[in-house]
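Just follow the structure's listing: the first ligand is 1, and inside any ligand the first atom is 1.
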Amino acid sequence: MKIVLIGYGKMGKEIERLALGRGHSIVAKIDVDNQADLQALSSSEVDVAIEFSNPASAYSNILTCIEKQIPVVCGTTGWLEKKSEVESLTKEKNSTFFYASNYSIGVNLFFRLNKMLAQLMSPHQEYDIYTNEIHHLEKKDSPSGTAITIAEGIIDAYASKDNWVNNEIPAANEVAIWSQRESIIPGTHTVKYISKVDQIEITHEAFSREGFALGAVIAAEWVQDKKGVLGMDDMLK
Ligand SMILES: NC(=O)C1=CN([C@@H]2O[C@H](COP(=O)(O)OP(=O)(O)OC[C@H]3O[C@@H](n4cnc5c(N)ncnc54)[C@H](OP(=O)(O)O)[C@@H]3O)[C@@H](O)[C@H]2O)C=CC1
Ligand SMILES: O=C(O)C1=N[C@H](C(=O)O)C[C@H](O)C1
């Protein structure tokens with residue numbers, strides 16, 4: 001598979017390492033200083049783009065890929081207010097857009113566990129819900145995309161919650177997401193239900209970026225023959 005890496009930072013480099021190990025080739029690495037190379041690429045030179053840049057650049061990088069009919073697997077977080085526009089354009093151009101706030105298989109199992117726990121806890125309103133994410137000091141966005149997916153999972157399954165707030169005391173209808181930035185932590189997410197007498201807690205802790213990067217490479221392999229708006233639930237079915 002011929003891959004263009006868009007964003008050659010911590011994730012771009014880890015994806016390159018794993019992709020080469022799986023027999024793929026990297027035809028271009030796009031970063032801040034060579035944006036013109038992405039514009040110059042054509043869909044005949046590349047099978048898939050893997051986009052891990054930053055919240056300010058993801059949207060225009062994705063649009064470029066969609067216009068060029070290059071399937072794009074995106075993991076960048078913090079730009080999702082524009083996601084519905086990307087989805088519409090993907091359908092209009094009959095292109096391919098795969099998105100996940102977290103590509104780790106473990107986190108995607110955790111998403112399911114989180115929904116099941118929220119369903120179980122919904123009749124027990126004496127418990128307060130508390131969610132927490134801890135990431136390294138270089139992270140640009142807050143809350144993490146993963147924490148937003150977790151909060152949305154709770155909102156879907158828990159009767160009295162219909163919104164989330166970040167680093168604020170929540171109202172009764174809100175799920176609180178507390179964000180911490182600490183050292184070099186790759187990503188730790190916790191959900192707690194706390195009553196006056198006890199607490200129930202689930203945590204996913206990434207030990208490195210390898211799980212995120214491997215999931216993104218597997219998604220890139222999987223989208224090859226597919227069109228439309230896709231995500232981890234489609235791939236893991
Ligand atoms: N979905 C998932 O599973 C995961 C998602 N992420 C997300 O992926 C993104 C990247 O994370 P990470 O690799 O740790 O971040 P880094 O800051 O290490 O890397 C981002 C890279 O993108 C570069 N960049 C900046 N602007 C552009 C542009 N216009 N086009 C292409 N590249 C550009 C940056 O260059 P410069 O430094 O010079 O600005 C940097 O090299 C974040 O949004 C993060 O939240 C991270 C891990 C897992
Ligand atoms: O910026 C990161 O590092 C990570 N970002 C993603 C997010 O915002 O959820 C995924 C992972 O937690 C690492």
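Closest to atom 6 (C) of ligand 2 by heavy atom, among Ala147, Ser101, Gly211, is Ser101. Nearest-heavy-atom check against atom 4 (C) of ligand 1 across Tyr8, Tyr103, Phe52 picks out Phe52. In the candidate list Lys140, His136, Lys139, His136 is nearest to atom 3 (O) of ligand 2, counting heavy atoms.
Counting heavy atoms closer than 4.0 Å to ligand 1, residue Glu138 contributes nothing at all. Counting heavy atoms closer than 4.0 Å to ligand 1, residue Asn61 contributes side-chain atoms (C-beta onward) but none from N, CA, C or O. Contact annotation for Glu133 and ligand 2: no heavy atom of the residue comes within less than 4.0 Å of the ligand. Only the backbone of Ala100 comes within 4.0 Å of ligand 1, judged by heavy-atom distances. With a heavy-atom cut-off of 4.0 Å, Ser60 does not touch ligand 1 at all. Residue contacts with ligand 2 for Thr146 involve both N, CA, C or O and side-chain atoms from C-beta outward (heavy atoms, distance under 4.0 Å).
Scanning the protein heavy atoms around atom 30 (N) of ligand 1, the nearest turns out to be Gln35 NE2, 2.8 Å. The single protein non-hydrogen atom nearest to atom 12 (O) of ligand 2 is His135 NE2, 2.6 Å, given as residue, atom name and distance. Scanning all protein heavy atoms for the shortest distance to atom 43 (O) of ligand 1 gives Thr77 N, 3.1 Å. At the top of the distance list for atom 10 (C) of ligand 1, counting protein heavy atoms only, stands Ser53 O, 3.1 Å. The shortest contact between atom 46 (C) of ligand 1 and any protein heavy atom is with Met11 CG, 3.6 Å.
Within the 4.0 Å heavy-atom shell around ligand 2 one finds His189. Within the 4.0 Å heavy-atom cutoff, His136 does not count among the residues contacting ligand 1. Residue contacts with ligand 2 leave out Gly78, since none of its heavy atoms falls under 4.0 Å from the ligand. The closest approach between a heavy atom of Gly78 and any atom of ligand 1 is not below 4.0 Å.
Of all atoms in ligand 2, numbered sequentially from 1 with element shown, those under 4.0 Å from a heavy atom of Asn102 are 10 (C), 11 (C), 12 (O). Proximity to Ser144 (heavy-atom distance under 4.0 Å) selects the following atoms of ligand 2: 7 (C), 8 (O), 9 (O).
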Practice problem: Please lay out, stage by stage, how Glu14 and Arg17 fare under the test salt bridge (charged side-chain N to carboxylate O under 4.0 Å, His left out). | Solution: CA-CA 5 Å; Glu14 185 65 5; Arg17 184 180 75 78; 2.8 Å; yes
Exercise. Applying salt bridge (charged side-chain N to carboxylate O under 4.0 Å, His left out), run through Arg181 and Glu133 and close with a yes or a no.
Key: CA-CA 9 Å; Arg181 296 293 168 259; Glu133 53 103 347; 2.8 Å; yes
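For the pair Ile202 and Lys192, the minimum side-chain heavy-atom distance is 4.5 Å or more. Within the 4.5 Å cutoff, the side chain of Trp79 has heavy atoms near those of the Cys74 side chain. Here the side chains of Val191 and Leu113 are not in contact, with every heavy-atom distance at 4.5 Å or above. When side chains are defined from C-beta on, Lys29 counts as touching Ile26, because their heavy atoms get closer than 4.5 Å. In this structure, Tyr103 and Met232 have side chains that are in contact, with non-hydrogen atoms separated by less than 4.5 Å.
Considering both main-chain and side-chain atoms, Arg209 never comes within under 3.5 Å of ligand 2 through any nitrogen or oxygen pair. In terms of polar-atom proximity, defined here as any N/O pair under 3.5 Å, Gly145 does make such a contact with ligand 2. In terms of N/O distances under 3.5 Å, ligand 1 is approached by Gly75.
Geometrically, Lys226 engages Trp222 in a cation-pi contact, judged by NZ or CZ lying under 6.0 Å from the ring centre and within 45° of the ring axis.
The two residues Leu137 and Glu182 come nearest to each other via the heavy atoms CD2-N, 3.9 Å.
Tyr8 and Leu214 fall within the same hydrophobic cluster, defined by Ile, Leu, Val, Met, Phe, Trp and Tyr side-chain heavy atoms under 4.5 Å apart, directly or through other members.
Distance screen at 4.0 Å: atom 35 (O) of ligand 1 has a protein heavy-atom neighbour inside the cut-off.
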